[in-house]
Amino acid sequence: MSERRHITTAIFYCNGTPHVGSAYEALAADVFARYWRRRLGRGRVTFLSGTDEHGDKIRRAALAEDLAPKVYTDRMSALFREAWQGLGVSFDYFVRTTDPIHERFVQEMLRRTHENGDLYFRDYEGLYCVDCERFYPEKELSGGQLCPVHNRPVERISEGNYFLRIEKYREQVRDHIAKNPGFIRPERYRNEALNMLAEPLTDLCISRPKSRLDWGIELPFDSNYVTYVWYDAFWAYLSVPALAENPGDMDAAWRRAAELIACSEHFIGKDILKTHAVYWPPILMAAGLPLFRRLNVHGWLNFGGQRMSKSSGNVRDPVSYERAFGPDVLRYFVMRELVYGLDGDFSEERLVQRYNADLANDLGNFASRVLAMAQRYCQGEVRAVPGADLETNLQERVGRKIEELDFKGALEEIWLLIAEANNYIVETEPFKLAKDPANAARVEQILANLLEILRMLAGFLEPFMPVTSWRLFELLGLNPESDAAKAASGEGLKPGHRVKPPIALFPRIDRKPAA
RNA sequence: GGCGGCGUAGCUCAGUUGGUCAGAGCACGCGGCUCAUAUCCGCGCUGUCGCAGGUUCGAGUCCUGCCGCCGCCA
């Protein structure tokens with residue numbers, strides 16, 4: 001089958017540093033991407049993240065530090081890229097909206113949309129909030145002339161601008177959502193989207209006059225204007241990967257973009273549901289492209305019960321957690337603790353609890369005791385063919401849960417296997433049998449089975465905990481690259497294979513480390 | 001103003017279409033084992049499932065009202 005997936009995180013607006021909330025999104029998308037890579041093969045999956053670098057707010061932030069916008073965004077964008085890399089986020093593309101390739105693609109899109117006749121020019125006068133980068137109708141303003149979001153004065157601005165006809169596509173979009181239950185998920189967000197599409201839409205203003213703001217992509221048909229930042233940013237999902245293979249051939253790139261969007265799984269936060277459920281589909285249609293495959297909407301990550309945000313000052317640097325607790329720990333925590341789609345709470349105390357209970361006591365200790373026994377009773381050698389009676393459909397159950405975005409449930413399934421395996425040790429008592437040489441064969445069989453379970457665990461864990469998975473494969477004397485792929489298949493350990501002595505993968509944390 | 005969600009053991013939460021669903025994990029207590037990171041295994045513990053009514057043979061599970069949080073739209 002020619003099934004493909006194009007998985008994207010939001011294109012992060014880089015006027016601030018990455019925090020645990022944005023990391024959560026990148027991590028969820030990464031688990032999903034890693035899962036599909038194993039399922040479909042590397043060549044059939046692309047995974048993209050990136051930064052959104054145009055617009056007034058960025059220009060002002062740069063100005064405040066006395067920097068040229070591009071110099072400023074070079075720096076900010078690198079922070080995101082490095083943070084994701086530090087967390088093991090395995091993107092294939094990290095797209096910057098200031099990338100010349102992206103800009104070229106956006107201009108092509110503008111040309112096509114213009115030719116299709118869905119752009120028009122008109123004068124517009126309204127009350128504008130610089131921070132929101134949008135106009136407000138008078139009745140939405142709070143306290144007379146204040147922006148309802150930022151509580152600061154709006155400016156009256158009159159200017160000609162280009163608009164995109166989106167009301168024209170509203171019925172079509174609504175039908176699509178109504179007829180495709182999985183298109184927006186979880187379902188609560190699908191219902192909200194349908195609600196938003198119940199009333200007529202105001203056409204989207206997609207330009208800014210250069211006289212007011214020149215930090216943007218120039219319209220190919222009017223050099224006095226640049227695109228509005230939102231309109232530009234959506235296309236980061238497609239621009240660079242579409243042009244990557246055929247830098248010179250716009251028609252080929254356009255066909256590639258059509259393929260990519262049709263298999264796109266967007267991961268976004270609920271704050272940008274409207275832009276993605278209501279605006280993005282008509283924008284695509286106006287450009288003559290198919291719709292994306294799915295929108296996967298997640299909730300907020302609170303910190304100690306409070307909304308995590310730059311303004312409340314409780315943002316945390318996600319990478320510092322990896323440094324303090326070790327690789328994969330933040331990944332494990334947010335995937336295991338939070339229900340995708342719902343708001344969740346993040347706290348260091350919970351993280352330590354999870355770490356000790358699940359990682360140190362269950363997973364780490366299990367690996368340790370199995371490898372120790374293999375060493376002590378079999379000199380680190382596999383001496384029997386692992387039993388065929390081992391759990392076989394776990395693979396399927398875990399996979400289904402990941403596809404449904406039930407990351408928490410998938411991990412619970414995996415931990416059930418650890419519990420069963422621990423139980424198996426208690427029931428069979430290999431450490432007792434080993435005291436009598438007559439039981440050697442039985443002990444060797446039990447250990448072969450246990451090592452095989454460890455091997456399967458290493459495979460199941462890879463999407464969630466890539467470093468841990470890697471280490472487990474190494475401890476098992478296997479090659480993380482080549483052997484990981486067959487982890488869950490029947491190709492298990494063979495007699496004669498040697499494994500290594502245990503190391504403490506997750507040392508218990510007795511006191512809170514200074515993070 | 002309109003629409004929607006949430007409120008279940010000390011803590012964090014699961015709970016499909018109404019009938020062994022009153023649950024899981026953590027924490028706590030007792031017992032077992034000693035291969036293992038004082039880890040593992042077994043048993044136990046606490047709840048009027050926000051409040052008040054209603055439908056039903058039977059309701060966390062449906063309906064109404066109320067209280068307390070929180071979203072979205074306008």
Side-chain angles (χ1 to χ4, degrees), chain A residues 136-142 148-149 184 186-202 269-275 277-278 297-300 302 304-307 326 333-334 336-378 380 401 404 406 408-409 411-416 418-435 439 443-444 446-447 450-451 454 475 501-510:
Chain A
Y136 280 99
E138 206 137 356
K139 59 175 180 170
E140 283 188 40
L141 296 175
S142 60
V149 178
I184 298 174
E187 197 167 346
R188 58 192 333 139
Y189 297 113
R190 173 173 180 255
N191 295 334
E192 278 194 28
L194 286 170
N195 253 327
M196 294 173 190
L197 287 161
E199 304 285 321
L201 299 171
T202 317
K270 65 181 185 181
D271 53 326
I272 52 175
L273 173 64
K274 185 170 186 178
T275 55
V278 177
V297 188
H298 68 257
W300 294 125
N302 296 318
Q306 273 201 314
R307 164 86 189 274
F333 180 78
V334 294
R336 173 57 221 260
E337 186 83 355
L338 275 30
V339 177
Y340 192 86
L342 301 180
D343 290 0
D345 198 50
F346 178 94
S347 82
E348 221 161 285
E349 199 187 339
R350 300 279 305 162
L351 187 140
V352 171
Q353 269 179 22
R354 279 274 172 220
Y355 177 98
N356 279 334
D358 300 352
L359 299 180
N361 295 352
D362 291 343
L363 177 60
N365 180 58
F366 173 69
S368 176
R369 68 198 300 209
V370 169
L371 290 171
M373 283 193 281
Q375 212 60 41
R376 186 183 295 201
Y377 307 135
C378 307
K401 297 219 154 142
E404 291 168 357
D406 182 7
K408 177 189 171 93
L411 284 169
E412 281 168 355
E413 293 280 3
I414 295 170
W415 254 253
L416 234 41
I418 298 176
E420 278 173 33
N422 271 323
N423 226 316
Y424 179 69
I425 295 177
V426 171
E427 279 166 13
T428 56
E429 301 184 308
F431 43 85
K432 271 188 188 166
L433 295 174
K435 287 174 181 162
N439 295 321
V443 171
E444 286 164 4
I446 291 168
L447 279 165
L450 286 168
L451 289 168
L454 201 54
L475 285 169
I503 55 168
L505 289 169
F506 301 100
R508 265 189 77 88
I509 299 171
D510 288 319

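Protein chains get the first letters and strands the later ones, always in sequence-line order, with residue 1 at the start of each.
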- With both distances kept under 3.5 Å, what pairs with rG68(B), Watson-Crick or G-U wobble? rC6(B)
Table of protein N/O atoms under 3.5 Å from nucleotides 68-73 of chain B N/O atoms:
none

- Message: Closer than 3.5 angstrom, by distance alone: can the side chain of N356(A) be matched with the main-chain N or O of I509(A) as a donor-acceptor pair?
- Response: yes
- Query: Taking atom CG of L433(A) and atom OH of Y377(A), what is their separation to the nearest 0.5 Å?
  - Reply: 9.5 Å
- Message: So does P507(A) get a backbone contact from the side chain of Y355(A), meaning a donor-acceptor N/O pair under 3.5 Å?
- Response: yes
- Message: How many whole angstroms separate atom CZ of F506(A) from atom C1' of rU37(B)?
- Response: 12 Å
- rC40(B): pairing nucleotide in any strand, Watson-Crick or G-U under 3.5 angstrom: rG32(B)
- Its glycosidic angle compared against 90° from 0, rG44(B) adopts the form anti
- Note on the structure: salt bridge (charged side-chain N to carboxylate O under 4.0 Å, His left out) filter on R376(A), not counting sequence neighbours, yields none
- Query: Is there a Watson-Crick or G-U wobble partner for rA24(B) with both distances under 3.5 Å, and which nucleotide is it?
  - Reply: rU12(B)
- Message: Could you tell me the Watson-Crick or G-U partner of rG47(B), where both distances fall under 3.5 Å? Say none if there is no partner.
- Response: none
- Message: Check the phosphate of rG42(B) against N423(A), side-chain N and O only, distance under 4.0 Å to OP1 or OP2. Yes or no?
- Response: yes
- Message: Are the side chains of I414(A) and L363(A) in contact, using a 4.5 Å heavy-atom criterion?
- Response: no
- Task: For rG53(B), give its Watson-Crick or G-U wobble partner with both distances under 3.5 Å, or none.
- Result: rC63(B)
- Answer for the Watson-Crick or wobble partner of rA74(B), both distances under 3.5 Å, is none
- Short side-chain N/O contact from R354(A) to OP1 or OP2 of rC26(B), under 4.0 Å: no
- Message: Nearest 0.5 Å, please: how far is CG in N422(A) from CH2 in W415(A)?
- Response: 12.0 Å
- Round to a whole Å and report the spacing from CZ of R350(A) to C1' of rU12(B). 4 Å
- Item | Phosphate OP1/OP2 of rA36(B) contacted by R376(A) side-chain N/O (<4.0 Å) | yes
